[in-house]
There are 2 protein chains.
Amino acid sequence: MTRTAHQSVTIVDVAKAAGVSKSTAGRALTGSDEVSARTRDKVVRVAAELGYRPNGVARSMITGNTETVGVVIPDMSNRFFSAALQSIARTIRQHGYELLVSSTEGEPALERRSVEVLSTKRVDGLIVAPVLGADTDHLRRLADSGTALVLLDRPAPKVSGTSFVSVDNVEASRLAVDHLIGLGHRHIGIISEARYDATVTRAAEPSPTAHRPSTMRLAGYVRAMTDAGLEVRPEHIAHSAYSSAASYAATTRLLNVTPQVTAIYCTDNVLSVGAFAALQDSGCHCPRDISLVGFDDHDWAPLVRPRLTVVAQPTEVIGVTAAEDLLTAIADPAREPATHLLPARLVTRDSTAPPGLSLIPPT
Amino acid sequence: MTRTAHQSVTIVDVAKAAGVSKSTAGRALTGSDEVSARTRDKVVRVAAELGYRPNGVARSMITGNTETVGVVIPDMSNRFFSAALQSIARTIRQHGYELLVSSTEGEPALERRSVEVLSTKRVDGLIVAPVLGADTDHLRRLADSGTALVLLDRPAPKVSGTSFVSVDNVEASRLAVDHLIGLGHRHIGIISEARYDATVTRAAEPSPTAHRPSTMRLAGYVRAMTDAGLEVRPEHIAHSAYSSAASYAATTRLLNVTPQVTAIYCTDNVLSVGAFAALQDSGCHCPRDISLVGFDDHDWAPLVRPRLTVVAQPTEVIGVTAAEDLLTAIADPAREPATHLLPARLVTRDSTAPPGLSLIPPT
DNA sequence: TTGAAAGCGCTAACAG
DNA sequence: CTGTTAGCGCTTTCAA
């Protein structure tokens, strides 16, 4: 019956108890058809009685693969990544893979360690959302060594031959900004983790596989403004570190410094929390005095007042696409890497309205 | 330099190239002090040149452990579980372990499969939040087989000899209900996933290791009401399935059917979204007409109006505790299993006030 | 249809 | 300090 020892019943024990050889027992247990039904039944029954559990480690040793996919992301409690993780998990599970996941907390050193450890554990493939701005040599080495690799959300410029899956950030910004322009806004502020850098941001073709999402979103804003014939004013671009508190401060600053701004586009889900809070505390009425577009659709977007208009990423699709591309790469190492830029979607709610629109007369 | 072949450079290749034996190479690479500095340096250099990556699978084969912890949870996009996961990941990483995570989507069959697969992969220990109400024989077998096992959030009654980590749900409810009673409320409704079952709920000592969280929270409500000399009325207990939409419906029903209710306690984070929305749409003014206490502290709790008062679980601590207990169990299989009931915390905001309190005169 | 033997890549005695 | 030997548990030829 149940055994208490640790590394307990092996296939040899089963074979002995069933009165067959190790190899026959193996064949019976893996459902090979090179065994007589009689012996198979016997072996299977004996195995169950003994509480035999096949040792996947030993099997991997021989087959050379682990049926395991690694995922390395900065933070699994971040809504975007946890949602992506969930859809990655489901997709690969349907193909018989498990998920080895590592959180880097934004530390380049931890990312290197994670990639190292996971590749030591011989994952069959790896999905990585690299730490922004960090060195990516370890990823290049990994890709060069033939490990299937898919980049998620953030590119690694120097790593070639690797698939990349992300929302189309330029288009996402265009959705937000065009919506605001369409409402009549002319002075539109932006809360961004990226620094305004004219050379990159105003480039004719900013490349999603070369720049981080925040940069692309800022570039999209610049493009949309420019295309509409509006002036991009540096003082309308509020830089914020990656935290809700920093975004709160940045938004407050933007409101104080540039009173002519009538709309704000906030380019990240974490930042949106702080931006919304800042607007609430500012004394401005939203959307009468200021319109706000957030990023990513949250549970709370329809719960706050005014309900928050957002640019929503297809988070599920991003996860599924990354997983499927990785599975393809595992099955066929020679396949061409692809860049998947998935479309964002504008969800219009109540936080955006024409400038100066006032249902309640201003005080 | 970099190799393109798949299972490429082994320790034998390194040994040959360095002109030493396999074992010396091994010793050098694992940093054993039984090697001369000279040979170690040489081996390490050669290994780097060849792009050698140790094969963790082979190592596990010998050592018998994988430095991997499995986690099986219903849904990693759920805020509670993703936060717990993040702190589990950090804790075990600090001890050199990686995380193999599996999402069961609430399906008992998937949970069985996950536990099976992870134990085949020879994880050194397992943290499981079992699917509610499902059969737990697979967990008992696992525990009996000597695998370190910690139960998270939900107990598995028939599985003995296993640690259990959870918030103290009865006390959590007491915090919420006592707060409301203290404000003067007498007719307090509850939104619960549990069915009201007098035998369990009113038991003198409802056991956290025998009943699911929702049952314990309901029991805590009953206890707190009873202790305060208030009547527990079945029509004040609104059952809801586990979704925001169901909670919306349950809350709406509760408001319509029992107008004497002046406060509602919502016993779960997912349900809180629906409850809050229902209150907004009901025409009731919160907190003037109805007070609301939510469960779990969300990003949005301070963002909505009124700001939501909640009972907050120490999610981080729960994750860390589960991880630490598991590490202990791995290190010492003979240690006594423990039940950790962690304290909840009441976060008082604006959604709770004395009944009938009216800053704005009723219409 | 079954068994015997080889070996995956590595570590761990045990000699030298 | 270093090399030799013997496996870990399993799959997989290759014979019988």
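No experiment lies behind these values; they were computed from the predicted model shown. Here is the naming used below: chain letters follow the sequence lines, and residue numbers restart at 1 for every chain.
- Protein atom CD of B/Glu67 is 14 Å distant from nucleotide atom C1' of C/dT11, rounded to whole Å.
- At D/dG3, one or more side-chain N or O atoms of B/Ser21 fall inside 4.0 Å of OP1 or OP2 (strictly under the cut-off).
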Verdict with supporting geometry, A/Asp144 and A/Arg140, salt bridge (charged side-chain N to carboxylate O under 4.0 Å, His left out) = CA-CA 6 Å; A/Asp144 286 351; A/Arg140 196 177 38 66; 3.5 Å; yes
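- Scanning for salt bridge (charged side-chain N to carboxylate O under 4.0 Å, His left out) contacts around B/Glu107 gives an empty result, with sequence neighbours left out.
- Residue pairs meeting the salt bridge (charged side-chain N to carboxylate O under 4.0 Å, His left out) criterion with at least one partner in residues 319-331 of chain B, sequence neighbours excluded, are B/Asp325-B/Arg335.
- Across the protein-nucleic acid pair, B/Lys42 atom NZ and D/dC1 atom C1' stand 17 Å apart, rounded to whole Å.
- Residue B/Ala37 is the one, among B/Met61 and B/Ala37, whose nearest nucleotide of DNA chain D lies closer to the 5' end (criterion: closest heavy atom).
- Within the structure, the salt bridge (charged side-chain N to carboxylate O under 4.0 Å, His left out) test picks out the following pairs touching residues 157-166 of chain A (sequence neighbours left out): A/Asp135-A/Lys158, A/Asp137-A/Lys158.
- Under the salt bridge (charged side-chain N to carboxylate O under 4.0 Å, His left out) criterion, A/Glu98 pairs with B/Arg113, not counting sequence neighbours.
- In the helix from C/dT1-D/dA16 to C/dG16-D/dC1, the end axes, each obtained as the rotation axis mapping the C1' atoms of four pairs onto the next four within a five-pair block, lie 40° apart to the nearest 10 degrees.
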task = For nucleotides 11-16 of chain D, just jot down a letter per nucleotide in 5' to 3' order: B, S or -, based on protein non-hydrogen atoms under 4.0 Å.
result = BBB---
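- If you take CG of B/Asn55 and P of C/dG7, they are 18 Å apart, rounded to a whole angstrom.
- In this entry the distance linking CG of B/Asp33 with P of D/dT2 reads 12 Å, nearest Å.
- The salt bridge (charged side-chain N to carboxylate O under 4.0 Å, His left out) contacts involving residues 55-82 of chain B comprise nothing, where partners must be two or more places apart or lie in separate chains.
- Within 4.0 Å of A/Ser60, counting heavy atoms only, lies no atom of the nucleic acid at all.
- By the salt bridge (charged side-chain N to carboxylate O under 4.0 Å, His left out) test, A/Arg93 pairs with B/Glu105, sequence neighbours left out.
- When the P atom of D/dT4 is taken as reference, atom NZ of B/Lys16 falls 13 Å away, rounded to whole Å.
- One can place CZ of A/Arg122 at 14 Å from P of C/dC8, the figure rounded to the nearest angstrom.
- Partners of A/Glu34 by salt bridge (charged side-chain N to carboxylate O under 4.0 Å, His left out), not counting sequence neighbours: none found.
- In the set C/dT1, C/dG9, D/dG9, C/dG9 carries the atom at the smallest distance from any side-chain atom of B/Thr10.
- Considering A/Glu116, A/Glu111, A/Arg112 in turn, A/Glu111 is the only one that fulfils the side chain to side chain donor-acceptor pair (under 3.5 Å) rule with A/His138.
- B/Val57 comes within 4.0 angstrom of no nucleic acid atom, judged by non-hydrogen atoms across all strands.
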